[in-house]
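Data first, discussion second: the structure below is written as C-alpha cells.
It should be emphasised that the depicted structure is a prediction, and the values quoted were computed from it without experimental measurement. Residue numbering restarts at 1 for every chain, and letters A, B, ... go by the order of the sequence lines.
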Protein chains: 2
Amino acid sequence: MGRKPVPDSTSHAVLAVALHVRGARLEVLLRDGSLPSATLAAREPLETALARAVEVADLAHVEQLETRVLADGRLATAYLGLAPHDRALRGDWRPVAELAALPPDHRGLVAAGQARLRAKLSYTNIGFALAPATFTISELREVYVAALGYDVSATNLQRVLLRRGVLAQVDGRREPGRSGGRPAALFRFASARLEVTDEFAALRPPR
Amino acid sequence: MGRKPVPDSTSHAVLAVALHVRGARLEVLLRDGSLPSATLAAREPLETALARAVEVADLAHVEQLETRVLADGRLATAYLGLAPHDRALRGDWRPVAELAALPPDHRGLVAAGQARLRAKLSYTNIGFALAPATFTISELREVYVAALGYDVSATNLQRVLLRRGVLAQVDGRREPGRSGGRPAALFRFASARLEVTDEFAALRPPR
DNA sequence: GCAAAAGTGTTGTGTCTACACCCATGT
DNA sequence: ACATGGGTGTAGACACAACACTTTTGC
C-alpha cells in the first residue's frame with residue numbers, strides 16, 4: 001500500500017478525505033504530505049481501494065465525493081470518510097485550517113468534504129460517525145462546533161436531535177470534574193447508518 | 001461519437017442521466033436503448049466527454065452523480081443533466097417510469113438522478129433547468145409535479161419560490177384559452193445557475 | 001349569468017432560536 | 001453559600017400547508 005503509484009494516465013486513483021474531530025478542531029488525515037490514495041486495480045471495487053488508502057483509520061462512514069482529472073492527468077475518485085476520534089488514533093491528522101502546503105486540487109477536495117459534512121449535519125444523523133459510542137450533550141456540541149465552524153447551543157442541539165429521534169438516552173451519568181456541576185446524562189446515536197431526518201425543506205408530499 | 005467504445009478495462013466512460021419534462025412526465029434520454037455515454041480520452045476533462053455523449057440535447061444544468069464499476073469491469077462516471085423541454089427536441093426521450101428494459105446499473109443511475117433532482121427541487125432553484133425561459137405558475141407546477149412524482153399546489157409553489165426570491169415576475173400575461181379563465185402572470189427564474197436557497201434545516205449559524 | 005382558471009387572504013401547525021430559569025454537584 | 005456545568009420551560013419568529021374566497025376571463 002505504501003508504494004508510489006505509477007503515474008501513467010490510464011490508472012485510476014482513489015483519494016480519501018478522512019475527517020475527525022480532535023479537541024476543538026476538525027482534522028484531516030494526510031500521508032506523505034497529501035491526501036491518502038491508492039491505485040485502483042482492474043475490476044476492483046472503489047471501496048476496497050479506499051480501504052487500502054486509509055488502512056490506518058477505522059472509518060465509521062464513507063461516501064463518494066467527486067471524480068476529477070488531477071493535475072498529472074490521472075483520474076481520481078475522492079471519498080469522504082468520517083471517524084470518531086477514539087477510532088482514529090494512528091496516522092498523521094492535521095487541522096483542516098492549516099493546509100496551505102497541500103496541492104491545490106487536494107485542498108479543493110478537502111473543502112468539498114467539509115462542505116458536504118456541514119450540510120449533512122443539518123439534515124441527517126451524520127454526527128454518529130464523528131461521535132464516540134456514548135457522550136454527553138456538551139461533548140457532542142464540541143464535535144458539532146468543530147465540524148460546522150460556528151457556535152451551536154447545547155440546548156438546541158439536544159432538542160433538535162431528540163425531537164428527530166436521532167439521539168437516545170443511555171443509562172449512567174458522567175460524574176462532574178473537580179470544579180463541580182451537575183452530572184451529565186449520556187446519549188448515543190440511535191442509528192449507526194446514515195439517515196436523512198429532514199427530507200423536505202418545502203414542497204412536502206401531501207399526506 | 002456514435003462509435004462503440006472499446007470495452008477494455010482501462011478505459012473510462014462518462015454516462016449521462018439527462019432528464020426533462022414533457023407533458024406530465026419525466027423523461028430520460030436514451031441512445032441505442034441505454035444511457036448515452038462517451039469514452040474519456042487521455043487528459044480529457046469529464047465534461048467534454050459528457051458533452052459528446054449528449055450532443056443532441058442542450059443541457060441547462062449538469063452535475064456529477066456518481067462513479068462506479070460497471071458490470072463489464074469498466075469505470076464510469078455518471079452525470080445528471082437537465083434541460084427545458086424546448087431545448088431538448090431531438091433524441092430518444094423515454095418516460096422514466098418505463099425503463100424495465102434498461103440494464104440494472106443504468107436503472108440505478110437513473111434512480112439516483114431522479115432522487116438528486118427531487119431533493120434539490122426542495123431546497124435549491126434547480127427548477128430553472130427544467131422550465132422554459134418564461135412560464136406561468138400552472139406550467140411550472142406541471143414541471144414540479146412530474147419531477148417530484150406527487151401533487152403540489154400552485155398556490156404554495158408560487159409562495160415558496162417568490163418568498164425565496166427564486167422567481168421574478170415578468171411583463172405580459174398568458175391569454176386564456178377557449179375555455180376562459182383569468183389570464184396568467186408570467187414568471188422567470190431569477191438565476192440560471194444553481195443556488196441553494198434553504199441551506200440549513202436546523203443548527204443555523206448564529207446571527 | 002355561469003364555468004373555468006388564476007391568484008390572494010387567512011388560519012392553523014410545526015419547527016426552530018433565544019433566553020430565563022431551575023437542578024445537582026464540588027469546594 | 002457559592003461557583004460550575006447540566007438541563008427544562010417558555011415565548012417569539014418564521015415558514016409552510018390547507019383551504020376559503022376573490023378576480024378575470026370565455027361563452
Side-chain angles (χ1 to χ4, degrees), chain A residues 24 119 121-125 134-145 148 150-187 196-207, chain B residues 24 119 121-125 134-145 148 150-187 196-207:
Chain A
L121 281 171
S122 156
Y123 69 93
T124 72
N125 67 344
T134 69
F135 46 82
T136 67
I137 297 294
S138 296
E139 290 161 1
L140 187 62
R141 185 184 93 89
E142 284 173 31
V143 170
Y144 273 70
V145 169
L148 290 171
Y150 54 76
D151 197 56
V152 171
S153 103
T155 296
N156 292 331
L157 179 65
Q158 177 179 31
R159 281 211 261 244
V160 167
L161 297 182
L162 283 176
R163 183 168 42 223
R164 295 179 175 177
V166 167
L167 295 188
Q169 193 163 351
V170 357
D171 286 342
R173 336 207 109 241
R174 172 88 78 241
E175 294 311 319
R178 278 171 269 298
S179 59
R182 174 173 169 175
L186 292 178
F187 295 85
V196 175
T197 55
D198 205 302
E199 191 163 12
F200 298 99
L203 307 176
R204 288 190 273 278
R207 44 186 173 90
Chain B
L121 281 171
S122 157
Y123 68 93
T124 72
N125 67 344
T134 69
F135 45 82
T136 68
I137 297 294
S138 296
E139 289 161 1
L140 187 62
R141 184 183 95 88
E142 285 172 30
V143 170
Y144 273 70
V145 168
L148 290 170
Y150 54 75
D151 198 54
V152 171
S153 101
T155 296
N156 292 330
L157 179 65
Q158 177 178 32
R159 282 211 261 245
V160 166
L161 297 182
L162 283 176
R163 184 169 41 225
R164 294 179 174 178
V166 167
L167 295 187
Q169 193 165 352
V170 65
D171 286 341
R173 336 207 109 240
R174 173 86 79 243
E175 294 311 319
R178 277 170 270 297
S179 58
R182 174 172 166 174
L186 293 177
F187 295 85
V196 175
T197 55
D198 205 303
E199 190 163 11
F200 298 99
L203 307 176
R204 287 190 272 280
R207 42 180 178 95

For DNA chain D, list all stems, counting runs of three or more consecutive pairs where every pair is Watson-Crick or G-U wobble with both distances under 3.5 Å.
C:1-27 with D:1-27
Using a 4.0 Å cut-off on protein heavy atoms (strictly under), produce a 5'-to-3' string for nucleotides 19-24 of chain C with B for base contact, S for backbone-only sugar-phosphate contact, and - for none.
B---BB
Integer-rounded Å distance: D:dC16 C1' and B:Q158 CD:
15 Å
With a 4.0 Å cut-off on heavy atoms, is A:A154 in touch with a base, just the backbone sugar-phosphate, or nothing at all?
nothing
From CG (A:N156) to CG (B:L203), nearest 0.5 Å
8.0 Å
OH of A:Y144 versus P of C:dC16: gap in Å, rounded?
12 Å
Name the orientation class of the two ring planes belonging to B:Y150 and A:F200 (parallel below 30°, tilted from 30 to 60°, perpendicular beyond 60°).
perpendicular
Taking for B:S179 and for B:L203 the nucleotide of DNA chain C with the nearest heavy atom, the one nearer the 5' end belongs to B:S179
Do A:L140 and A:F187 come within less than 4.5 Å of each other through their side chains, counting heavy atoms only?
no
Can you measure B:R178 atom CZ to C:dA4 atom P for me and round it to whole angstrom units?
16 Å
Can you tell me how far C1' of C:dG7 sits from CD of B:E139, to the nearest Å?
15 Å
With heavy-atom distances below 4.5 Å as the criterion, would you say the side chains of A:D151 and A:R141 are in contact?
yes
Looking only at non-hydrogen atoms, find the nearest pair between B:S122 and B:R164 and report the distance.
O-NH1, 3.0 Å
Just the rounded figure in Å: distance from P of D:dG7 to CG of A:L161.
14 Å
Choosing from C:dT17, D:dT4, D:dC16, which nucleotide comes nearest the side chain of B:R204?
C:dT17
Listed pairs under 3.5 Å, donor-acceptor, residues 167-175 of chain A side chains, sequence neighbours left out:
{"residue": "A:R173", "atom": "NH1", "partner": "A:P183", "partner atom": "O", "Å": "3.3"}
{"residue": "A:R174", "atom": "NE", "partner": "A:E139", "partner atom": "OE2", "Å": "3.1"}
{"residue": "A:R174", "atom": "NH2", "partner": "A:E139", "partner atom": "OE1", "Å": "3.0"}
{"residue": "A:R174", "atom": "NH2", "partner": "A:E139", "partner atom": "OE2", "Å": "2.8"}

When we call it a touch if two heavy atoms are under 4.0 Å apart, what does A:R174 touch: a base, just sugar-phosphate, or nothing?
nothing
Would you indicate which nucleotide in D:dT25, D:dG6, C:dG26 comes nearest to any side-chain atom of A:S138?
D:dG6
Is the backbone N or O of A:Y123 less than 3.5 Å from a side-chain atom of A:T197, with the two atoms forming a donor-acceptor pair by type?
yes
Return whichever of B:R173 or A:P205 has its heavy-atom-nearest nucleotide of DNA chain D closer to the 5' end.
A:P205
Answer with base, sugar-phosphate or nothing: what part of the nucleic acid does A:D198 contact at a heavy-atom distance below 4.0 Å?
sugar-phosphate
Shortest non-hydrogen contact between B:I137 and B:L157, atoms and distance:
O-CD2, 4.5 Å
Output the rounded distance in Å from CG (B:L167) to P (C:dG7).
12 Å
At under 4.0 Å, does any side-chain N or O of B:S153 touch on OP1 or OP2 of D:dC19?
no
Whole-Å distance separating the CZ atom of B:F200 from the C1' atom of C:dT15:
17 Å
Spacing of A:R163 atom CZ relative to C:dT17 atom C1', expressed in whole Å
10 Å
